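Below: the structure, in C-alpha cells.
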Amino acid sequence: STTQSPELLLSEYLRYGRQMILPQIGLPGQQRLKAASVLLVGAGGLGCPAAMYLAAAGIGTLGIADADEVDMSNLHRQVLHTEAGVGMNKAESIARAVARLNSNVRCVVFPERVDKDNALRILSQFDIVVDCTDNVPTRYLLNDAAVMTGRPLVSGSALRYEGQITTYHLGDDGPCYRCLFPQPPPAHTVTNCSDGGVLGVIPGLIGCMQALEVIKLVTGAGASLARRLMLLDGTDWTFRAVRLRARRPDCAVCGDLPTVTELPDYQQFCGARASDVATSLSVL
Amino acid sequence: STTQSPELLLSEYLRYGRQMILPQIGLPGQQRLKAASVLLVGAGGLGCPAAMYLAAAGIGTLGIADADEVDMSNLHRQVLHTEAGVGMNKAESIARAVARLNSNVRCVVFPERVDKDNALRILSQFDIVVDCTDNVPTRYLLNDAAVMTGRPLVSGSALRYEGQITTYHLGDDGPCYRCLFPQPPPAHTVTNCSDGGVLGVIPGLIGCMQALEVIKLVTGAGASLARRLMLLDGTDWTFRAVRLRARRPDCAVCGDLPTVTELPDYQQFCGARASDVATSLSVL
Amino acid sequence: TMDVTVEFSGGAELLAGNVKKHALTLPASDETWTMKRLLRHVCDNIIQERPELFLQGDTVRPGILVLVNDTDWELLDELAYEIQPRDNIVFISTLHGG
Amino acid sequence: TMDVTVEFSGGAELLAGNVKKHALTLPASDETWTMKRLLRHVCDNIIQERPELFLQGDTVRPGILVLVNDTDWELLDELAYEIQPRDNIVFISTLHGG
Ligand SMILES: [Zn+2]
Ligand SMILES: [Zn+2]
C-alpha cells in the first residue's frame, strides 16, 4: 500500500542532507524512510524518544497509540510531554511535539488502548510495529498480532537502571516473544515502572535504540536485532549482546502448526491487568 | 556555592517519585540533583537529548552555551528545536523546550561562543561540564578550562553511525583529553557532521549517555566513565568499553608541572576553525 | 573443582541478596555438572529468599532467560548442557516497563 | 604464523578499503612481532591509500588511539608491546562531531 519511491521536496533535501550523505542512506534510503509507516504502541518513556528520532529522520507515517493521559509523574522520563499538557492524551501530546519538529510527518493518533478487538485492524495499517508498552498482557497481544499480520516487532523495555531491546518475528528464523517465553511470568513477579522505579534516561536510551533499529530495518543499513537481545545496565555501563534461539517450529503462534490463531484474552492468560497502574505487591 | 540539601516541594515529590524510589537515588539523591549545576556546551545533536534528560531528572541549574542559530538542516538530529524556531539561538531554543517540560529547572543561556576569553568565567559557575561541541579546537579549549577550574568533563561525540563518550579529569587518576591526545590531529583528517554526515539517533544515544553519566556523577550511583571510553557502532550494534590510561604526570595541562597555564589560541594550535561550517576537503 | 561466574539481572538479583555477580567454585565430583545440577546448586547456595520465584520443578520459572557465555541456553541443550570451566551463566528476568 | 584481528573505526576504516575488520596472519619469523613491527606491516598490507594519515614516523598519527583487547596501548608498552596470538588490535580515529 506504500509507494516505494516518493519524490522528495527541495526542503526535504535540505532537511535530511546530513543523513542522506551517509552511503547506507542516500536518496533511495531517504525515499524508503518517507514511504515507511511505523506504529508506536505506547507514548511513554520509550515512545517519546522513539517518536522524536523517527520523526526527525523522516519516517513518512507515524502511528501512535496510547489511551493514557499525561500525568505530572510521567515527566521525569516522558520528555515530549509538557507541564501544560498534563491531562492530555499521550498519543496526541506526542503528535503535537512531532508536528513542531517535522511537519512532513503524517501522524495517526489512536487515543485508545490496543486490545484484542482492534489490534489486527490497527497493526495492519503499518509496516513495522514498535512495542513501547509497559505491561505483560499487551506485550503478548502485540506479539501475536504482529505475527498474525506479518509485521516485525521492535520490542523495548526498561526498569530501574536496566533496559532490554530485540526485534521479534523478523526474517526466516527470527523468533517471536512466545518462542522465548511460551508461558507468561507469574503475575506477582512482574514489576512495572510505577512500582520498581526507573531512571528516565534508561527508557530514553532504549527508545533511541528502537528508533535506530527501525531506521536500519527500513533502509537496510547493517545488521538487525533479529535473534539478538541487547541488555543495558546503567549502574556499571554494561552493554551485552546476546545470541537468541531461532524461531521454534512448535511455537503456539509463529510455529508450523499454530494453536493461537485468533487473539485470546490476555488479562486471563497473564493473570494481570493491561495497565501501568499498580495493583499488586511486586517482588521482582 | 550550591546548597547540598535543598528542600523538595510537594510537586517535586510527585514529579520525581518514580526515580526517587530507586535505592541509589532516594531523597538525598534527588536533593543532590536539585543542588547541582551542569553546563552544556553545544546545543546541537548531543546537547538536545542531554538537556532534555537532565532537565527531566531535576538538575537544578542547567547552563546552555551556543552561538549558533537553528537551521532547517539541524532538525534531523537536533530534536528539541522546531520549525518555528529556525533562526533562533540554539541555546535559547533548548531553554524554551526545557521550560515546557520542567519549570523547576533554572536555565542559564549563553548565546555566545565559548572561547579562551570567557571559558574560565563561564565554566567556574557550574559543577560539571558536558562537551556537546562539534570541533577539535573547542574540545581542547573545554578540556584545558575544565582542568584549570577543576571540573569533570563529560565528553561525547558522534559521526556517521558511530559515537564515543568518556569523562575526563575525574578523580585522582582520571586522564584529560590532552593525556590521550597531546597533539591535535592534522586539520585535514578531521570530519564534522556537515561533511561526513550523521544518523541523528547516534548523537541521540550519546547525548542520553552523557545525561546518564552526569546523573551518576551527581548522585554517586555506580561506576563512572573515568578511564573508560565507550564506543558505539550502530551499523552492527557494537558497544565496546575500553580501559584507558591514567592521568599522565607529564601532561601539558593536568600533569605535575603543567606548561599550559593559561588558555592559548586554539585555532592556531589545531590549525582549524572552531565552527561547524565546513572549510576544507575532509578525508577522515 | 571448577570456577564459574553466575550473574543475575533484570531484577533476578533481588533473589540473590541483591548481588548481581557471583564467583562460584563448583566442588569436584564424579557426577557431571549439568545445567540441571547447577540450577539446584544455585538455588541452594545463592538464592536467599523465595526459591519458588527462581525454580519451578527442575527448570527456571517462566520469564527468566538463561544465558551461557552470552548465548541463549536453548541453543546449548538447556538442562542437559555440561558446564565448562570459566563459563559465565546469566539469569535474566525480562523487563516489561516502559 | 600468528593469527590476529585488526579493526579500524571512527573513520580510520576509510584508509583500509572501507573494511572495518581484518583477519591477519602474521608470518613466522625469528624477529619478535612488536607493535612497532605490526604498524609497519599493517601500513604495507592493509592501508590502501594515504599511509601518512595512518603513520607518522614510527607511530600512529595524532588523533588515532590504539587498543589491544579493549585496552589503551599506553597501558601495554605501546610500540614495544609484543603481539600475542588472537590479539584484537583496534585503530580508532577519535570523533569530533556532535
Ligand atoms: Zn514464536
Ligand atoms: Zn592531562
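To find a chain, count down the sequence lines: A is the first, B the second, and so on, and within it residues start at 1. Just so it is clear, the model here is predicted, and its values are computed rather than measured.
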Between [options], which residue shows the highest count of heavy-atom pairs closer than 4.5 Å to chain A?
options: B/Leu212, B/Ile202, B/Thr238; value: B/Leu212
options: B/Leu54, B/Leu75, B/Leu14, B/Asp71; value: B/Leu75
options: B/Ala211, B/Gly196, B/Ala57, B/Ala84; value: B/Gly196

Interface residue of largest heavy-atom contact number with chain B, from [options], under 4.5 Å:
options: A/Met20, A/Arg240, A/Met72, A/His81; answer: A/Met72
options: A/Gly197, A/Ser224, A/Gly222; answer: A/Gly197
options: A/Gln24, A/Met52, A/Glu213; answer: A/Gln24

Of all the heavy-atom pairs spanning [X] and [Y], show the shortest one and how long it is.
X: B/Arg18; Y: A/Ser73; answer: NH2-OG, 3.9 Å
X: A/Gln19; Y: B/His76; answer: OE1-ND1, 3.4 Å
X: A/Val201; Y: B/Tyr53; answer: CA-CD2, 3.7 Å
X: A/Leu205; Y: B/Cys208; answer: CD2-CB, 3.6 Å
X: B/Leu101; Y: A/Gln78; answer: CD1-O, 4.4 Å
X: B/Ala56; Y: A/Val79; answer: CB-CG1, 3.8 Å

Region of B/Leu22 that comes under 4.5 Å of a non-hydrogen atom in chain A:
side chain

Is it true that atom CZ of B/Arg245 has more than 12 heavy atoms of other residues, nucleotides or ligands lying nearer than 6.0 Å?
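Check passes, neighbour count above 12.
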
Partners passing side chain to side chain contact (heavy atoms under 4.5 Å, CB included) against B/Ile21 (at least two apart in sequence or in another chain)
none

Heavy-atom distance under 4.5 Å to chain B: side chain of [X], backbone, both or neither?
X: A/Arg228; answer: side chain
X: A/Met209; answer: both
X: A/Met230; answer: side chain
X: A/Leu232; answer: neither
X: A/Leu199; answer: both

For A/Glu83 and B/Ser103, indicate whether the former's side chain and the latter's backbone hold a donor-acceptor pair under 3.5 Å.
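Side chain of A/Glu83 to backbone of B/Ser103, a donor-acceptor pair under 3.5 Å: yes, one is there.
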
Heavy-atom side-chain contact between B/Ile25 and A/Tyr161 under 4.5 Å
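Yes, close enough: below the 4.5 Å cut-off.
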
